[in-house]
*Asks:* 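This is the structure I have questions about; it appears just below.
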Amino acid sequence: MAMHRVIQLKECDRVWINVNLATFDPAMSHPYGSRHRCALGIHKGKIARIEPMSAVTATRLPYDVTDGHNGWLTPGLIDCHTHLVFGGHRAQEFELRLKGVPYEQIAAQGGGILATARATRVRSKEQLIKSTLPRLKALTAEGVTLVEIKSGYGLNLVDEIKMLEVAKELHNRHTIKIISTLLVASTLPPEFAGRTDEYVDMICQQLIPEVADKKLAEAVDIHCENAAFTMAHRDKIFQSAIDNGLPTKCHTEQFSENGGASLAAHMNALSCDHLQHISEQGIADMAESGSIAVLLPGSYYFMRCQTPPPVELLRHYQVPIALATDTNPGTSPLASIRMMMNMGCIFFQLTPAEALAGVTINAARALGIADHYGSLEEDKAADFCLWDIDHPNELAYQLGHCPLQQRVIDGQIIDTSH
């Protein structure tokens, strides 16, 4: 077996000097994996070398050098749960809810997910791309280098495929990495009213196989909240995803304990998301399977929920916690990853270190990509951010002002404040 050759700073394509690192390297015991006064070199799009500045001299540096002026490098931020692609908006529902109209009544009158489905179905791919871009740009402006985008508003074969193709096109056109997820079983479309079994068969026999065959999604997310679908339906969908070679994840336990997390864990799901009403047994099952808890404080806030997820139990069972925006038109129209960090601390009592881990290394784990993303380690992708801060706890502490200096993807400086 060939020995891995160590790349020296002089051989790197570019080097950042005078930087502090919040590495989130799992091998380091400090909450942030902090390393102070360092140089970081990149080579062929990967982090190639990290060493203390005390060992660095001018003769050991390449031509291309960035002085970080004692700022902080963090891994590029990852938003691991979004519904960024959709048509229309639901501002009128927001106003109705403020007046006391319950969501169930709004949905019965044609609102809710079905309203977004109608608006999404009638829009072309180009129209959906155009409407998604402002949300995507809001995330990148705060340091996001990788985002997951779910389908789920098509509710049929043609429009679910369309949404996933939009996500792929956004990935091809713009300097951000996008992971696509097929979301199914969020609600029963009107054309399948009274025919839930047939709809589930369509998902399992047509939609999932075609998405897998065309490589349009990296995972399948099964919505385990809607009462139209039984646990047997969900089990069947999980099995179809697995049979077609796609990892799974799930929306579950947002409004009530329903066993979805345990089912997902038994299917070795990458993550279980929301979890405000998860049982201790569900958490134990997640711990055993290695599933990640993805908490979504945006929807908790926007829906004025009263029961936070059981963070202390998640800590006790050592289930890694990720945070995400859940950006969507109905329950979290909030495209701000740093707001989620702040809300995670305020509403869920996460520490600032847990919040930052939640949008870096644990977000990468929730997407099954932690071997390549989410921490500052040699041989991982050179996706990171340079911040003008004294300490990384500032990133969860203040809102409004964004101290981002540079956003780097595959070693290329994409955005800069200078």
*Asks:* Compute whether any side-chain donor of one residue and acceptor of the other, for Tyr317 and Glu280, lie under 3.5 angstrom apart.
*Replies:*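 Yes, Glu280 and Tyr317 have a side-chain donor paired with an acceptor closer than 3.5 Å.
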
*Asks:* Using a 4.5 Å cut-off on heavy atoms from C-beta on, say whether the side chain of Leu133 contacts that of His174.
*Replies:*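 His174 vs Leu133: side chains touch.
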
*Asks:* Within the structure provided, determine whether Gln205 and Met202 are in side-chain contact (heavy-atom separation under 4.5 Å).
*Replies:*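 No; the side chains remain at least 4.5 Å from each other.
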
*Asks:* Can you tell me how far the CD1 atom of Ile203 sits from the CG atom of Leu157, to the nearest 0.5 Å?
*Replies:*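 Spacing of CD1 (Ile203) from CG (Leu157) equals 10.5 Å.
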
*Asks:* Could you note down all residue pairs passing ring pair (Phe, Tyr, Trp, His ring centres under 6.0 Å) where residues 272-292 supplies at least one of them, sequence neighbours left out?
*Replies:*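 Every ring pair (Phe, Tyr, Trp, His ring centres under 6.0 Å) pair that includes a residue of residues 272-292, provided the two are not neighbours, is His81-His274, His251-His274.
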
*Asks:* Look at the rings of Phe86 and Tyr153 and say which category their plane angle falls in: under 30° parallel, 30 to 60° tilted, over 60° perpendicular.
*Replies:*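 Aromatic pair Phe86/Tyr153 classed perpendicular.
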
*Asks:* Got a salt bridge between Asp221 and Lys150, using NZ or NE/NH1/NH2 to carboxylate O under 4.0 Å?
*Replies:*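 Salt bridge between Asp221 and Lys150, a charged N being under 4.0 Å from a carboxylate O: yes.
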
*Asks:* Does Glu104 have any salt bridge (Lys or Arg N to Asp or Glu O under 4.0 Å) partners at least two apart in sequence or in another chain, and if so, which?
*Replies:*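 Here no residue qualifies.
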
*Asks:* I'd like to know if the side chain of Tyr32 and the backbone of Ala353 have a donor-acceptor N/O pair within less than 3.5 Å.
*Replies:*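 It does hold such a pair.
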
*Asks:* Where is the tightest heavy-atom contact between Ala324 and Val294, given as atom of each residue plus distance?
*Replies:*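 Taking every non-hydrogen atom into account, CB-CG1, 4.2 Å.
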
*Asks:* What distance separates Cys385 SG from Glu142 CD, expressed to the nearest 0.5 Å?
*Replies:*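 Reported value, rounded in 0.5 Å steps: 10.5 Å.
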
*Asks:* State, yes or no, whether a side-chain contact exists between Cys250 and His223 at a heavy-atom distance under 4.5 Å.
*Replies:*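 No; the side chains remain at least 4.5 Å from each other.
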
*Asks:* Taking the six-membered ring for Trp and the full ring for Phe, Tyr or His, determine whether the centres of His266 and Phe238 are under 6.0 Å apart.
*Replies:*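 Ring centres of Phe238 and His266 not closer than 6.0 Å.
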
*Asks:* Decide side chain to side chain donor-acceptor pair (under 3.5 Å) for Asp285 and Gln281; before the verdict, give the C-alpha distance in whole Å, the side-chain angles of both, and the deciding distance to 0.1 Å.
*Replies:* CA-CA 6 Å; Asp285 291 338; Gln281 183 59 55; 2.9 Å; yes

*Asks:* Should Arg14 and His43 count as side-chain neighbours, where that means a heavy-atom distance under 4.5 Å?
*Replies:*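 The answer is no, as the side chains (C-beta and beyond) never meet within the 4.5 Å cut-off.
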
*Asks:* State, without any angle test, whether Thr145 and Arg407 hold a side-chain donor-acceptor pair at a distance under 3.5 Å.
*Replies:*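 No.
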
*Asks:* Could Lys168 and Glu165 be called an ion pair, given the rule that one side-chain N must be under 4.0 Å from one carboxylate O?
*Replies:*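 No.
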
*Asks:* Relative to each other, are the rings of His36 and Trp72 parallel, tilted or perpendicular (30° and 60° limits)?
*Replies:*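 His36 and Trp72: perpendicular rings.
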
*Asks:* With sequence neighbours excluded, what pairs up with Lys249 under the salt bridge (Lys or Arg N to Asp or Glu O under 4.0 Å) test?
*Replies:*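 For Lys249 there are no salt bridge (Lys or Arg N to Asp or Glu O under 4.0 Å) partners, ignoring immediate neighbours.
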
*Asks:* Nearest 0.5 angstrom please: Tyr300 OH to Phe348 CZ, how far?
*Replies:*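 Between Tyr300 OH and Phe348 CZ, I get 6.0 Å after rounding to 0.5 Å.
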
*Asks:* When rounded to the nearest 0.5 angstrom, what is the spacing between OG1 in Thr132 and NZ in Lys137?
*Replies:*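 Going from the OG1 atom of Thr132 to the NZ atom of Lys137 covers 12.0 Å.
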
*Asks:* With sequence neighbours left out, write down each residue that passes ring pair (Phe, Tyr, Trp, His ring centres under 6.0 Å) with Trp16, or none if nothing qualifies.
*Replies:*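 For Trp16 the ring pair (Phe, Tyr, Trp, His ring centres under 6.0 Å) partners, ignoring immediate neighbours, are Phe384.
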
*Asks:* Using the test side-chain contact (heavy atoms from CB on, under 4.5 Å), find all partners of Thr23 that sit at least two apart in sequence or belong to another chain.
*Replies:*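 side-chain contact (heavy atoms from CB on, under 4.5 Å) list for Thr23, sorted by chain: Leu21, Asp25, Met28, Arg35, Leu376.
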
*Asks:* Under a 4.0 Å threshold between the charged nitrogen and the carboxylate oxygen, would Lys130 count as salt-bridged to Glu126?
*Replies:*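 Result for this pair is no, no salt bridge flagged.
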
*Asks:* To the nearest 0.5 Å, what is the distance between CG (Leu323) and CD1 (Ile78)?
*Replies:*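 The CD1 atom of Ile78 is 12.5 Å from CG of Leu323, to the nearest 0.5 Å.
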
*Asks:* I'd like to know if Lys236 and Asp201 make a salt bridge, using a cut-off of under 4.0 Å between side-chain N and carboxylate O.
*Replies:*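 Between Asp201 and Lys236 there is a salt bridge, with a charged N closer than 4.0 Å to a carboxylate O.
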
*Asks:* Can you name the closest pair of heavy atoms from Leu270 and Pro247 and give their distance?
*Replies:*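 Looking at all heavy atoms of both residues, the shortest contact is CD1-CB, 3.7 Å.
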
*Asks:* Check whether Glu253 reaches the backbone of Asn258 with its side chain - one donor and one acceptor, N or O, closer than 3.5 Å.
*Replies:*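 Yes, the answer is positive, given that a donor and an acceptor are paired below the 3.5 Å cut-off.
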
*Asks:* For the NE2 atom on His391, are there more than 12 heavy atoms of other groups (residues, nucleotides or ligands in this structure) within a distance under 6.0 Å?
*Replies:*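 It does: His391 NE2 has more than 12 such atoms within range.
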
*Asks:* To the closest 0.5 Å, what do you measure between CZ (Arg338) and OG1 (Thr325)?
*Replies:*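 If we round to the nearest 0.5 Å, Arg338:CZ and Thr325:OG1 are 14.5 Å apart.
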
*Asks:* So, do Ser186 and Leu155 sit near enough that their side-chain heavy atoms are less than 4.5 Å apart?
*Replies:*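 When only atoms from C-beta onward are counted, Leu155 and Ser186 do touch, with a gap below 4.5 Å.
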
*Asks:* Is it true that a side-chain atom of Glu169 and a backbone atom of Val166 form a donor plus acceptor pair closer than 3.5 Å?
*Replies:*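 Looks like no, no N/O pair under 3.5 Å.
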
*Asks:* Cut-off 3.5 Å, side chains only: do Thr181 and Glu148 have a donor facing an acceptor?
*Replies:*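 A donor-acceptor contact under 3.5 Å links the two side chains.
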
*Asks:* Does some side-chain heavy atom of Val408 sit less than 4.5 Å from a side-chain heavy atom of Asp383?
*Replies:*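 A side-chain contact under 4.5 Å is absent here.
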
*Asks:* If we only count heavy atoms from C-beta on, is the Leu356 to Asn393 side-chain gap below 4.5 Å?
*Replies:*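 The answer is no, as the side chains (C-beta and beyond) never meet within the 4.5 Å cut-off.
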
*Asks:* For Gln398, I'd like to know if atom CD has over 12 heavy atoms of other residues, nucleotides or ligands within 6.0 Å.
*Replies:*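 Yes - once you tally the heavy atoms of other residues, nucleotides and ligands closer than 6.0 Å, there are more than 12.
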
*Asks:* Between Pro26, Ser271, Cys80, which is the residue that forms a side-chain contact (heavy atoms from CB on, under 4.5 Å) with Arg365?
*Replies:*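 Result: among Pro26, Ser271, Cys80, Pro26 is the only option passing the side-chain contact (heavy atoms from CB on, under 4.5 Å) with Arg365.
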
*Asks:* Checking Arg90 now: which residues fulfil salt bridge (Lys or Arg N to Asp or Glu O under 4.0 Å) with it, not counting sequence neighbours?
*Replies:*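 Per chain and number, Arg90 pairs via salt bridge (Lys or Arg N to Asp or Glu O under 4.0 Å) with Glu93.
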
*Asks:* Looking at Glu11 and Arg49, does any basic side-chain N land under 4.0 Å from a carboxylate oxygen?
*Replies:*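 Between Arg49 and Glu11 there is no salt bridge, as every charged N stays at least 4.0 Å from the carboxylate O atoms.
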
*Asks:* Less than 4.5 Å apart, any side-chain heavy atom of Ile369 and any of Leu146?
*Replies:*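 Sidechains of Leu146 and Ile369: in contact.
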
*Asks:* Inspect the surroundings of OH in Tyr397 and state if more than 12 heavy atoms from other residues, nucleotides or ligands are less than 6.0 Å away.
*Replies:*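 No, because the 6.0 Å sphere around OH of Tyr397 holds 12 heavy atoms or fewer from other groups.
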
*Asks:* Answer yes or no: is there a donor N or O on one side and an acceptor on the other, between the side chain of Glu288 and the main chain of Ala284, under 3.5 Å?
*Replies:*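 Absent.
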
*Asks:* Test His83 against every option in Thr116, Asn328, Asp326, Thr327 by the side chain to side chain donor-acceptor pair (under 3.5 Å) rule and name the one that passes.
*Replies:*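 Only match with His83 under side chain to side chain donor-acceptor pair (under 3.5 Å): Asp326.
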
*Asks:* Could you walk me through whether His372 and Asp379 pass side chain to side chain donor-acceptor pair (under 3.5 Å), step by step?
*Replies:* CA-CA 8 Å; His372 304 285; Asp379 291 327; over 6 Å; no

*Asks:* So does Tyr301 have more than 12 non-hydrogen atoms from other groups sitting under 6.0 Å from OH?
*Replies:*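 No, not enclosed.
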
*Asks:* One pair to check against side chain to side chain donor-acceptor pair (under 3.5 Å): Asn156 and Glu160. What are the steps and the verdict?
*Replies:* CA-CA 6 Å; Asn156 60 30; Glu160 289 296 315; over 6 Å; no

*Asks:* Where the side chain of Asp13 meets the backbone of Lys44, is there a donor-acceptor pair that is under 3.5 Å apart?
*Replies:*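 Confirmed, Asp13 side chain pairs with Lys44 backbone.
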
*Asks:* Tell me whether Gln405 contacts the main-chain N or O of Leu386 through its side chain, where contact means a donor paired with an acceptor under 3.5 Å.
*Replies:*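 Side chain of Gln405 to backbone of Leu386: no pair is present.
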
